[in-house]
Amino acid sequence: MTMSSAKIECVLRENWRCGESPVWEEASNSLLFVDIPAKKVCRWDSLSKEVQQVTVDAPVSSVALRHSGGYVATVGTKFCALNWEDQSAVVLATVDKDKKNNRFNDGKVDPAGRYFAGTMAEETAPAVLERHQGSLYSLFPDHHVEKYFDQVDISNGLDWSLDHKIFYYIDSLSYSVDAFDYDLQTGKISNRRSVYKLEKEEQIPDGMCIDVEGKLWVACYNGGRVIRLDPETGKRLRTVKLPVVKTTSCCFGGKDYSEMYVTSARDGMDPEGLLQQPEAGGIFKITGLGVKGIPPYPYAG
């Protein structure tokens, strides 16, 4: 099989400080994403090319669709419901109350409608932080929270296998993509193991998504690329390089989920780096990958 040649374009050159958590909303033909330090949840309309923004009161690290309408987001150490029309956020639950320096990082909804998200210590510089301060949580549809484990450095990319029996997860500073056995009925996870260790030039594993063939795509922070992995063999299948180094996360979207959207960051770059990478912090669209993704799951609560 020959690799299809991918086309990469910067569809949104707004130079976000730290773009993250891209999610495709089919109903509005839009890409949702956040700018963590700017405390913004953004929605880019792929037809009109316009961006709407809602500003919240703390760093916002992930956003997800909500079955009953609107969105959910992780804001500071809170799981929140977001009403786009009146730009209000309602707190559903709070975690890490004993850790004043913590905030949520990446989050995603599981196939049963639970919102999984993990925490980390606030950084003093990108990827520089107090170690082992984070935990992984899930907000259930009835708004109760379960904690899975702690001692996390930077809680990041997450997704579920197509048969819903495996949960994939990244703790960035372990430089590993891990898998757990996953019970869809209870939301319980067990039997942690590594399915891929990153190569040195791949740098720091960040956001992640799965495709219709069950392969994982991981955005490599400081690596300027997304890589496609086979979680069963532990092999890297493909590398797609981008024109910016701080690639943060990826998701499938667009027509039939055949396009990939990649977020990026500019925080932590020096003036020279920004000159060399004028699109740093932009949102990129990759077409021609030859594989599709699956729609995101909405939060059920």
Side-chain angles (χ1 to χ4, degrees), residues 1 3-4 6 21-27 31-32 62-67 72 106-118 136 138-141 146 148 155-171 176-198 205-220 226-240 249-262 286-300:
M1 163 186 157
M3 286 286 179
S4 52
S21 182
V23 181
W24 185 256
E25 184 177 43
E26 204 173 319
L31 185 76
L32 291 157
S62 74
V63 62
L65 308 179
R66 189 180 187 192
H67 185 68
V72 282
D106 209 353
K108 192 171 282 182
V109 177
D110 83 349
R114 307 175 189 96
Y115 190 9
F116 277 64
L136 180 70
S138 167
L139 178 72
F140 279 60
E146 303 239 339
Y148 294 103
S155 192
N156 243 322
L158 38 171
D159 218 328
W160 290 264
S161 62
L162 302 180
D163 65 6
H164 306 160
K165 290 183 175 160
I166 302 172
F167 166 57
Y168 298 108
Y169 174 74
I170 291 168
D171 179 350
S176 171
V177 180
D178 291 356
F180 296 80
D181 295 339
Y182 174 70
D183 184 335
L184 184 65
Q185 297 316 114
T186 62
K188 294 221 177 327
I189 60 175
S190 58
N191 186 26
R192 186 174 190 168
R193 60 227 180 243
S194 174
V195 294
Y196 183 80
K197 286 280 192 199
L198 275 84
D206 200 331
M208 172 169 62
C209 66
I210 199 164
D211 64 30
V212 291
E213 295 173 8
K215 308 298 189 273
L216 300 173
W217 293 80
V218 179
C220 299
V226 289
I227 55 176
R228 187 182 191 224
L229 312 174
D230 185 334
E232 290 182 4
T233 63
K235 297 265 189 297
R236 181 182 68 233
L237 304 172
R238 187 166 186 185
T239 300
V240 179
S249 192
C250 52
C251 79
F252 284 93
K255 184 173 164 45
D256 305 328
Y257 293 89
S258 61
E259 305 165 346
M260 175 175 278
Y261 289 90
V262 181
I286 307 177
T287 47
L289 284 174
V291 68
K292 294 175 179 176
I294 61 171
Y297 303 108
Y299 174 62

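Just so we're clear, the structure is a prediction, and the values are computed from it rather than from any experiment.
- Counting all heavy atoms, side chain and backbone alike, Tyr299 lies closest to Gly113 at CD1-O, 3.0 Å.
- When all heavy atoms of Ser249 and Ala219 are compared, the pair lying nearest together is N-CB, 3.4 Å.
- Checked against the 6.0 Å centroid criterion, the rings of Phe116 and Phe167 qualify as a close aromatic pair.
- A donor-acceptor pair under 3.5 Å links the side-chain atoms of Lys108 to the main chain of Leu158, judged by distance alone.
- Put simply, the side chain of Ile166 does not reach to within 4.5 Å of the side chain of Trp160, judged on heavy atoms.
- With a 4.5 Å cut-off on side-chain heavy atoms, Ile210 and Ile294 count as touching.
- The distance from the CD atom of Glu26 to the CG atom of Asp256 is 8.5 Å, given to the nearest 0.5 Å.
- For the side chain to side chain contact (heavy atoms under 4.5 Å, CB included) with Trp217, the qualifying choice from Val262, Asp211, Leu237, Asp159 is Asp211, the only one to do so.
- Taking the side chain as every heavy atom from C-beta outward, Asp110 and Ser138 never approach each other to under 4.5 Å.
- With respect to Glu213 and Arg228, a salt bridge is recorded, a charged nitrogen being found less than 4.0 Å from a carboxylate O.
- The number of heavy atoms from other shown groups lying within 6.0 Å of NE2 (His67) does not exceed 12.
- Counting only heavy atoms from C-beta outward, the side chains of Phe252 and Val212 never approach each other to under 4.5 Å.
- Within the 3.5 Å criterion, the main-chain N or O of Ser194 finds no donor-acceptor partner in the side chain of Ser176.
- The two residues Gly118 and Ser155 make their nearest non-hydrogen contact at CA-OG, 3.1 Å.
- Ring pair Trp24/Tyr261: centre-to-centre distance below 6.0 Å.
- Using a 4.5 Å heavy-atom cutoff, the side chains of Cys251 and Val23 are not in contact.
- When all heavy atoms of Tyr196 and Gly234 are compared, the closest pair comes out as CD1-O, 3.3 Å.
- Judged by distance alone, with hydrogens and angles left aside, the side-chain atoms of Asp230 form a donor-acceptor pair with the main-chain N or O of Glu232 at under 3.5 Å.
- Between Ser62 and Gly107, the shortest heavy-atom contact is CB-N, 3.3 Å.
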> Would Thr239 and Val226 satisfy side-chain contact (heavy atoms from CB on, under 4.5 Å), going step by step from the backbone distance to the final call?
Replying inline: CA-CA 6 Å; Thr239 300; Val226 289; over 6 Å; no
>> As a quick check of understanding, evaluate side chain to side chain donor-acceptor pair (under 3.5 Å) for Ser190 and Tyr182, giving each step before the final call.
In response: CA-CA 7 Å; Ser190 58; Tyr182 174 70; over 6 Å; no
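- Separation of atoms CG (Leu32) and CG (Leu65) is listed at 6.5 Å; rounding is to 0.5 Å.
- From Ser258, atom OG reaches atom CG of Leu289 across 9.0 Å, with rounding to the nearest 0.5 Å.
- Using a 4.5 Å heavy-atom threshold, the side chains of Arg66 and Pro298 count as separate.
- A side-chain N or O of Asp163 and one of Ser161 form a donor-acceptor pair less than 3.5 Å apart.
- Residues Tyr168 and Met208 meet the side-chain proximity criterion, which asks for heavy atoms closer than 4.5 Å.
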> Passes side-chain contact (heavy atoms from CB on, under 4.5 Å), Val195 versus Leu229? Steps please.
Replying inline: CA-CA 9 Å; Val195 294; Leu229 312 174; over 6 Å; no
> Does the pair Leu139 and Arg114 meet the rule for a side-chain contact (heavy atoms from CB on, under 4.5 Å), with working shown?
Replying inline: CA-CA 6 Å; Leu139 178 72; Arg114 307 175 189 96; over 6 Å; no
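- Counting heavy atoms from C-beta on, the side chains of Cys220 and Leu198 come closer than 4.5 Å.
- The side chain to side chain contact (heavy atoms under 4.5 Å, CB included) test with Asn156 singles out one residue from Val218, Val177, Asp206, and that residue is Asp206.
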> Going through the checks in order, is the side-chain contact (heavy atoms from CB on, under 4.5 Å) test met by Glu146 and Lys188?
Replying inline: CA-CA 9 Å; Glu146 303 239 339; Lys188 294 221 177 327; 4.0 Å; yes
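- Between Pro205 and Ile170 the shortest heavy-atom distance is O-CG2, 3.6 Å.
- Tested against Asp178 for a salt bridge (charged side-chain N to carboxylate O under 4.0 Å, His left out), the candidates Arg193, Lys197, Arg192 yield a single pass: Arg192.
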